[in-house]
Structures are given as structure tokens and as C-alpha cells.
Amino acid sequence: MDRRAFLTAATAGLLLPQPAAPAAASSSRTLRADPFTLGVASGDPSADGFVLWTRLATDPMSGDGRGGMPSRDVAVDWQVATDERFSKIVESGTATARARAAHSVHVELKGLRPGRDYFYRFRSQGRLSPAGRTRTTPAGETPLTFAVAACAHYEHGYYTAYRRLAEQEPDLVVFLGDYMYEYGPSGYTALAGRVRTHTPGKCRTLADYRLRHAQYKSDPDLQAAHAVAPWLVSFDDHEVENNWAGPVSSTGAAGFEQRRAQAFRAYYENMPLRGGSLQGAVLRVNRRVSWGTLARFHLLDTRQFRDDQACLDGVRAGCDERLSDRRTLLGADQWRWLESGLNGSTTRWNLLGQQILMAQRDFKVGPGREVNLDSWDGYAAERTRLLGSLSRTPNPVVLTGDAHMHHLAELKTDFDDPGSPVVARELVASSIASDGDGYRDRTWIAEALQENPHISYIDQRRGYLMARLTRDELSVDFRTLDYISRKGAPAKTSHRITIPSASPTTAAAAHAAPPRTD
């Protein structure tokens with residue numbers, strides 16, 4: 001059975017023979033319905049393990065956010081096998097889905113073999129979950145196929161892009177923020193209108209965030225994308241509130257720090273993150289994951305430790321405050337962590353996964369300049385400092401979400417100097433669903449490219465990136481769908497770029513090497 005057949009069978013529930021349950025999992029108080037309605041997931045792979053996730057919910061849309069589950073803890077058995085039929089089980093055990101954690105389960109595996117596929121599933125109360133496929137990271141320079149995705153507003157369209165991503169069977173999925181949106185019904189309307197409806201009200205309480213996550217996780221296309229590969233996840237703003245910054249609410253509402261802590265807790269409960277991620281009111285998502293000696297992913301947090309946006313936020317001209325070298329986006333601790341990781345990297349490629357557009361982006365046509373103060377343009381001095389560090393880093397590539405459009409950009413320490421050397425390339429993934437059906441406004445795109453000559457490609461359609469990384473090159477397909485307001489859209493490659501590698505000891509040569517486009 002190949003991977004695609006496995007994915008189809010797993011999501012249809014066909015690979016689920018009933019194993020004998022350990023005695024610790026037995027209970028006379030059985031659940032009345034299937035508790036695995038939210039699917040399964042894995043994440044944060046290492047050379048000898050990964051995180052396995054599920055959350056029990058017999059009624060995902062239960063208004064109290066508890067998923068229809070009882071107030072007691074529930075035992076959950078898990079299995080890991082080397083084959084999709086689970087005839088060769090290598091690890092198994094029992095975890096506890098605790099009521100206080102919304103009956104979520106996070107199993108952290110160690111001691112497995114590097115660089116190979118594994119299959120996993122859960123069992124509880126006599127019922128089996130769908131099966132998932134995951135992978136440990138390799139020891140050497142094994143090639144990597146990975147997807148990059150972001151921004152999946154549930155109301156704006158169907159998750160066909162997730163399904164198409166899953167059908168391409170990547171080794172890894174990198175998700176860069178706005179996994180869910182906090183708005184109430186029609187709180188943010190797309191051009192295509194409202195295709196589906198959010199749970200009632202804007203998310204403010206722990207129950208609200210749990211219920212919204214359950215609604216999103218109930219989608220079968222999203223479940224398929226989680227089941228096909230391990231994910232690296234990080235949040236942006238909408239997992240909490242639009243354009244929040246550190247301890248500051250964008251609306252000025254009281255009690256924001258408590259609300260943020262509740263949103264973080266719900267996010268952890270619904271994601272395949274390691275247990276150490278949630279540290280009281282802080283959720284640590286900045287971390288490093290290496291793919292053998294080939295690549296290191298540096299995942300950033302561009303929300304939790306930043307200064308408030310300059311000049312009252314928005315797209316504005318003439319904001320000198322944004323240029324101050326006292327302003328920070330990453331925060332002092334994360335900056336030191338990142339710089340240490342870049343300076344000490346021994347992998348051939350270094351991939352920064354982060355949320356907001358790093359390239360300078362002038363939104364004004366003609367004389368003058370208007371920039372988005374929520375992006376790196378609002379923290380220009382720290383960006384220059386970071387790009388200086390990247391200039392000394394082997395084969396850096398920046399992966400970005402948030403923009404709801406594909407972008408391909410050259411990153412420079414001085415964007416206003418045409419002769420300034422290229423430090424790295426930025427690959428921006430469009431949205432999975434946010435802003436509804438895509439379009440191609442060729443006049444608008446031509447004007448944007450003319451104003452920003454370091455940006456060479458923009459596409460306003462929905463989609464994701466699919467990348468193939470080897471020792472010698474990074475090949476990236478910009479995948480697009482023409483519509484999501486109805487189901488079944490095909491995905492196609494609208495643009496392709498190949499970035500050649502340079503020797504890790506001659507990083508500067510990598511920045512000068514021009515990419516190839518198809």
C-alpha cells in the first residue's frame with residue numbers, strides 16, 4: 001500500500017483492526033459516541049521521536065467547549081508501528097486524557113530509529129482513532145519535501161488546499177500562523193462572502209477558544225493534512241486577537257493578559273506541541289528542529305515579545321517611530337537565542353519560519369511610501385540587524401505567512417539601494433482559506449512589483465508552498481487554487497523557483513547566486 005492509499009484508507013477508518021486493550025484502559029463507564037472526531041496529529045520530530053496528539057470529543061460543538069466529554073479523566077491507549085496495518089508495533093502505552101486539559105493527549109516518543117516513517121493510532125473506551133503517518137528526522141543529508149501553509153479562516157471557504165497538500169504527501173508541514181480566527185460570525189468578511197459559519201460570538205474565554213479549535217479540527221480536509229505528516233506549528237495574531245502585541249490588546253480591552261493565557265492554553269491543547277511549550281501564561285513556540293545535517297528550522301515568535309506597533313498601527317506613511325533602534329519585534333531573550341542558533345548552525349541550509357512579511361513593502365503607488373506597521377517594516381532597525389546576521393549564515397531562507405498572497409522577495413540590508421547584496425530569499429505562502437476565492441488583479445500586481453523591485457512574484461489566489469530540499473538546491477512550487485467557495489478545486493503550480501546551495505563555509509556566495517525560475 002502506497003502513502004496515498006494509506007491516507008485515503010486511514011481517513012476513511014479502514015485501517016483499524018481491534019487490538020486487545022491494556023487493562024489500565026478498561027472502564028465500565030464507556031462513552032456513548034466516537035471520541036476521535038477531531039482526528040489525530042503529530043509534530044516536532046527529532047531523530048528518535050516525535051509528539052503524538054489527539055483530543056477526545058464526542059460532541060465537538062458542545063457549547064461549553066468540553067466536546068461533550070464527562071468531567072472525569074479518560075485512559076487512552078496508543079500504538080506506533082512501522083507498517084500501516086500495525087502488524088509490526090514498536091511502541092505502545094497508555095496516556096491519560098485529563099478533563100482539565102479538554103481531554104487532550106500529548107505523547108512524546110523517544111528511542112525510535114532516525115529517518116523513517118512510522119504509523120500511529122489511539123484507542124479509548126472500545127473505539128479506535130483514524131491512523132496517522134509521521135516520521136523521525138534523518139541523521140545525514142537526506143532530501144526533504146516540505147509544505148508551508150498559513151491563514152485558514154473557516155468562514156471564508158472550504159479547506160480544499162489542505163486536502164491537495166495532503167495528496168502531495170510531504171515529509172513535513174510547516175504552519176506559520178492564523179490556524180484559527182477569533183472573530184464571531186461575519187466578524188471579518190471576505191470578498192466571496194461567508195461560506196461557513198463560526199461558532200457564536202468572538203473568542204474571549206477558555207471555553208470559546210476550545211470550541212473554536214474543535215470546529216476547525218472537525219474539518220476532514222484539515223484532519224487529512226495532519227494525518228499525512230508531522231507538523232511544525234507556530235501562532236500569529238488571530239489565535240488570540242487581531243494585531244495583538246506582547247501584553248497589549250489591539251482593542252484596548254481590559255483583562256487581555258488573562259485572555260491571552262486562555263488562548264495559549266487552548267492552542268496547546270489542540271496542537272502537537274511538546275509539554276514544555278506551555279509555561280504558565282507563556283507559550284514557547286520559538287524552537288529549532290534539524291533535518292539531519294541538511295537543514296535547521298528556526299521557528300520564531302513574532303507576537304508575544306514585541307513592542308506595541310508604532311504610530312497606532314495600520315498601513316501608514318511618515319512614521320519615524322518605526323525606525324527607532326530601541327524597538328524590538330523578537331524581544332531580547334529570543335534575539336539572543338536566534339543569533340546563537342544562526343551562528344552555531346552546522347547544517348547546510350537554515351530556514352527561518354516566521355509569521356509576517358520581512359521584506360520592505362511599499363503599498364503606495366508613486367512618490368512617497370506607505371508601509372504596514374504590523375509587519376517587519378514597523379521594526380526596521382531590528383530587521384536590518386537580523387539581515388546582517390543572515391548574511392553570515394549558511395544558505396538562509398525565510399519562510400513567511402500572514403500576507404494572504406504568495407510573494408517571492410529578495411532580502412537586503414538596504415532595500416533602497418539597488419546595488420545592495422541579496423542576503424536571503426523570502427518565500428511567502430498565501431492563505432489556505434483567508435480572504436475567500438482568489439483572484440489575479442494583474443494591474444495591481446504590476447504596480448506593486450514596480451514599487452518594490454526586490455519582489456519578483458505575487459499571486460492573490462489561495463494556496464500553499466511545496467518545497468523539495470537537497471544538498472544542492474531548494475526547489476519551490478507556489479501552489480494555487482482558483483476557488484474555495486465550493487469544494488473540489490484542483491491545485492496547480494503557478495510559479496516555480498530553484499535556489500542553488502553554496503558551501504556552508506562560503507555563505508556569502510549563496511546570497512549572490514541568482515535563483516532559477518520556471
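What you see is a predicted model; the values in this text were computed from it and never measured.
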Legend entry - Electrostatic pair E167-R163, nearest N-O below 4.0 angstrom: no
Legend entry - Any residue meeting salt bridge (charged side-chain N to carboxylate O under 4.0 Å, His left out) with E91, in chain and number order, not counting sequence neighbours: none
Inset, instruction - Considering only NZ, NE, NH1 and NH2 on the basic side and carboxylate oxygens on the acidic side, decide whether R212 and E182 come within less than 4.0 Å. - result: no
Inset, instruction - Check side chain to side chain contact (heavy atoms under 4.5 Å, CB included) between V315 and all other residues, then give those that pass, not counting sequence neighbours. - result: F363, E370, N372
Legend entry - Residues which pass ring-ring contact (aromatic ring centres under 6.0 Å, His included) with Y209, listed by chain and number, not counting sequence neighbours: none
Legend entry - Partners meeting side chain to side chain donor-acceptor pair (under 3.5 Å) with N243 (sequence neighbours left out): D313
Legend entry - Salt bridge flag under 4.0 Å for residues R336 and E339: no
Legend entry - Any donor-acceptor N or O pair under 3.5 Å, side chains T480, Y464: no
Legend entry - Pairing residues for D472 by the side chain to side chain contact (heavy atoms under 4.5 Å, CB included) criterion, not counting sequence neighbours: T470
Inset, instruction - Could you pull out all residues at least two apart from T136 that satisfy side chain to side chain contact (heavy atoms under 4.5 Å, CB included)? - result: F50, L112, R116, Y118
Legend entry - salt bridge (charged side-chain N to carboxylate O under 4.0 Å, His left out) against D307, all qualifying residues, sequence neighbours excluded: none
Inset, instruction - Return the set of residues passing ring-ring contact (aromatic ring centres under 6.0 Å, His included) with Y159 (not counting sequence neighbours), or none when no residue passes. - result: Y162
Legend entry - Side-chain ion pair, E321 and R327, N-O less than 4.0 Å: yes
Inset, instruction - May I ask you to check whether Q354 and W376 show a side-chain donor-acceptor distance below 3.5 Å? - result: yes
Legend entry - Ion pair E269/R210, N-O distance below 4.0 Å: yes
Legend entry - Taking every non-hydrogen atom, the tightest pair across T134 and S42: OG1-OG, 2.8 Å
Legend entry - Test: R288 cationic atom under 6.0 Å from W337 six-membered ring centre, within 45° of axis: yes
Legend entry - Results of ring-ring contact (aromatic ring centres under 6.0 Å, His included) for H407 - residues two or more places apart only: none
Legend entry - Under the salt bridge (charged side-chain N to carboxylate O under 4.0 Å, His left out) test, residues paired with E382 that sit two or more places apart: none
Inset, instruction - With sequence neighbours excluded, tell me which residues meet salt bridge (charged side-chain N to carboxylate O under 4.0 Å, His left out) with R113. - result: none
Legend entry - Lys/Arg N to Asp/Glu carboxylate O, R303 vs D374, below 4.0 Å: yes
Inset, instruction - Answer yes when D377 and R361 have at least one side-chain N-carboxylate O distance shorter than 4.0 Å, and no when they do not. - result: no
Inset, instruction - Please determine if D437 and R462 form a salt bridge, counting it only when a charged side-chain N lies under 4.0 Å from a carboxylate O. - result: no
Legend entry - ring-ring contact (aromatic ring centres under 6.0 Å, His included) partners for F305, two or more places apart: none
Legend entry - Ionic contact status for K412 with D417, cut-off 4.0 Å: no
